[in-house]
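Reading through the structure tokens given below for one structure.
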2 protein chains.
Amino acid sequence: MTEVKPHRQFQKYPYFEEETSEAVVNARMGPDVTPRLRQVMTAVVKHLHAAVKEIEPTHEEWLAAIKFLTETGHMCTQWRQEFILLSDTLGVSMLVDSINHRRPSGATENTILGPFYVADAPRYEHGANICLDGKGEPAIVRGRVLDTEGHPIAGATIDVWQTNEDGFYDVQQKGVQPDFNLRGVFTSDAEGRYWFRSSKPRYYPIPDDGPVGKMLAALGRHPNRAAHLHFIVTVPGYDPVITHIFTPDCPYLSEDAVFGVKESLIADFRKVEDPAAVAQSGFGRPFWQVDWDFALARAAAGKPAGSVTA
Amino acid sequence: MTEVKPHRQFQKYPYFEEETSEAVVNARMGPDVTPRLRQVMTAVVKHLHAAVKEIEPTHEEWLAAIKFLTETGHMCTQWRQEFILLSDTLGVSMLVDSINHRRPSGATENTILGPFYVADAPRYEHGANICLDGKGEPAIVRGRVLDTEGHPIAGATIDVWQTNEDGFYDVQQKGVQPDFNLRGVFTSDAEGRYWFRSSKPRYYPIPDDGPVGKMLAALGRHPNRAAHLHFIVTVPGYDPVITHIFTPDCPYLSEDAVFGVKESLIADFRKVEDPAAVAQSGFGRPFWQVDWDFALARAAAGKPAGSVTA
């Protein structure tokens, strides 16, 4: 009879135990794993196991989670990113954005880019009306681009986009809305000023016909984003700002489906009915006016301006 | 000019802030969410945000995570469940199994079912050889089914399945292996005994041509499962046991890719070369012998025996 010598590697955690499960899994990483991947996976396993230990899922609940993730993956196409929607609706996208855009006090805060940004929108002179379909309540948006000490910044690029009165971006309604409806690029003048005409934005739902929509329904949540204008403001030497400004009277202001609202980004939209102002506006009827200044922080030394979208 | 009254719901956490991000998201759940879903989602969001705050992913890293989850979803088909592989390789499947099968001391421990179980395998008399392809080193597996006090349990069903010498289950090689190769169902006798003939199991890789395989490679991990026989042992009045027994000399014993090995499940496989025993075995050559007793805990009062696979 041959003696069998068990071949056991001398690891600290060779076999699975519930108590040490996190350590068992993390001890398995090889010696050549990059330091960052090691750090990330160690944290992923730690928090994943902590969640499982707190939840104590039944086999059926675990299988429901597998099914949910699978359906979320199957919903993803070239045109639909359901995992980003999941990240958005669980507040993860905003958290990642916040972590990567901690700014000195006084600088305009970031919020999420969203999926509807289009590069190469038309460049306009100040005062142009970007609302090409004539729908909705007219609005004048005006203000300045400043540094954090309040000095004007000339030559800053202000890229704006928003939904129309029906709650859709132009790219969601190709052939229905005019191309580049409610999009435009402006440049701040010598005093840092910009202004343009548009319409008051409307709230709109994120796509809710997939697993994320079902999740929101089960959680008693609606899919609506609070009404906003998107802005990207860039100028060499300063941190790019990717942000929104929100209307203060939107019914979804305090319950934006993707948590995009920061208190500092709620603007003051005033209704202007003065006949002289109405005549001067070119709208021919009362309109909304919002004054909004952007405050840009100086770019950190050695940090390239880089792409604003990645 | 009309005064605009901001419509803000009086929530404790209306707007996103990095510091309170978890509370902001969880405060959004509606009043009619089921208590269990509320508990689960509260924990999911808590641990997810804690992970993000510890990792501080860049935008690119966040996007890489979205891409990984999307590719994992796209790999899932009717025949391939990549999210279960992910759960397995991160130790989550074993953790869920452990949580749901905490047993009194002395009872045989559970381990994962795996994807290769087939119901309705052939029923055999004791001593039958379930190795239908004649490959591999022959083995005799024998032992008893007992309760946790060591009393024999008669009439227990012992369902066994394993890979062949090439490291594949019959269902992975339809038309190559005989149907039901290395599968069989036995019934313990009046003294609780069972025995059958088979071959010594081989280690084998989990499918590693998808995102999970790439993850394992990046983590310096191999895809191999330690060599094992699968068992399901059931008898009315006792907790069903879904488990493996492992060979002690497998090179992957202490690094099973799905963490299925528990120390208590490593068996003693002895090589038998005695001519009389060889003659009696019917193998005509030296063989392996493993003695393995199962100890079953009494079913908890009021808990139905239920399906062993769900």
Side-chain angles (χ1 to χ4, degrees), chain A residues 1-2 4 6-9 11 14-16 18 21 24-25 28-30 32-33 37 40 43-45 47 49-52 54-57 59 62 66 69-70 72-74 76 83-84 90-92 94-96 98-100 218-221 248-249 251 253-254 259 261-263 269-271, chain B residues 1-2 4 6-9 11 14-16 18 21 24-25 28-30 32-33 40 43-45 47 49-52 54-57 59 62 66 69-70 72-74 76 83-84 90-92 94-96 98-100 219-221 248-249 251 253-254 259 261-263 269-271 273 310:
Chain A
M1 197 183 109
T2 308
V4 174
H7 173 116
R8 295 189 192 171
Q9 297 199 4
Q11 295 183 347
Y15 307 119
F16 190 86
E18 186 180 332
S21 68
V24 171
V25 176
R28 204 63 75 74
M29 272 187 276
D32 300 328
V33 177
L37 182 59
V40 168
V44 166
V45 170
H47 293 285
H49 282 230
V52 171
E54 181 172 341
I55 294 168
E56 298 203 334
H59 179 85
W62 168 82
I66 295 288
L69 291 169
T70 303
T72 301
H74 285 169
C76 293
F83 275 114
I84 290 185
L90 294 181
V92 170
M94 273 302 287
L95 185 54
V96 172
S98 296
I99 286 168
N100 285 286
L219 294 176
R221 291 172 50 183
D249 55 349
L253 187 67
S254 66
F259 305 95
V261 182
K262 288 178 172 174
E263 190 152 23
F269 281 68
R270 293 178 298 111
K271 191 73 174 273
Chain B
M1 196 183 108
T2 308
V4 174
H7 175 117
R8 294 188 192 173
Q9 299 200 3
Q11 294 183 348
Y15 306 119
F16 190 87
E18 186 180 333
S21 68
V24 171
V25 175
R28 204 62 75 74
M29 271 187 277
D32 300 327
V33 177
V40 168
V44 166
V45 169
H47 292 286
H49 282 229
V52 171
E54 180 171 340
I55 293 168
E56 298 203 335
H59 179 85
W62 168 82
I66 295 287
L69 291 169
T70 304
T72 301
H74 284 168
C76 294
F83 274 115
I84 290 186
L90 295 181
V92 170
M94 273 303 285
L95 184 55
V96 172
S98 296
I99 286 168
N100 285 286
L219 295 175
R221 289 173 51 182
D249 54 349
L253 188 66
S254 66
F259 305 96
V261 182
K262 288 179 173 174
E263 189 153 24
F269 281 68
R270 292 177 300 111
K271 191 72 173 273
E273 295 177 316

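- Considering NE2 of A:His49 and NE2 of B:His47, their distance stands at 12.5 Å, rounded to 0.5 Å.
- Heavy atoms only, all atoms of each residue included: B:Ser21 and A:Leu95 are closest at OG-CD1, 3.8 Å.
- Looking at A:Glu56, both its backbone and its side chain come within 4.5 Å of chain B, counting heavy atoms on both sides.
- Ranked by heavy-atom pairs shorter than 4.5 Å toward chain A, the options B:Val261, B:Asp32, B:Val33, B:Val45 are led by B:Val261.
- Contacts with chain A were tallied for B:Met29, B:Lys262, B:Glu54; B:Glu54 has the most, counting heavy-atom pairs under 4.5 Å.
- Taking chain A as the reference chain and counting heavy-atom pairs below 4.5 Å, the highest number among B:Ile99, B:Val24, B:Val52 is found for B:Ile99.
- Of all non-hydrogen atoms in A:Val25 and B:Leu90, the two that sit nearest each other are CG2-O, 3.5 Å.
- B:Ala43 and A:Ile55 get closest at one heavy-atom pair: CB-CG1, 3.6 Å.
- When every heavy atom of A:Gly91 is checked against every heavy atom of B:Phe16, the shortest pair comes out as O-CE1, 3.9 Å.
- Closest of all the heavy-atom pairs between B:Cys76 and A:Thr70 is CB-CG2, 3.7 Å.
- Nearest heavy atom pair, residue B:Leu69 against residue A:Phe83, reads O-CE1, 3.4 Å.
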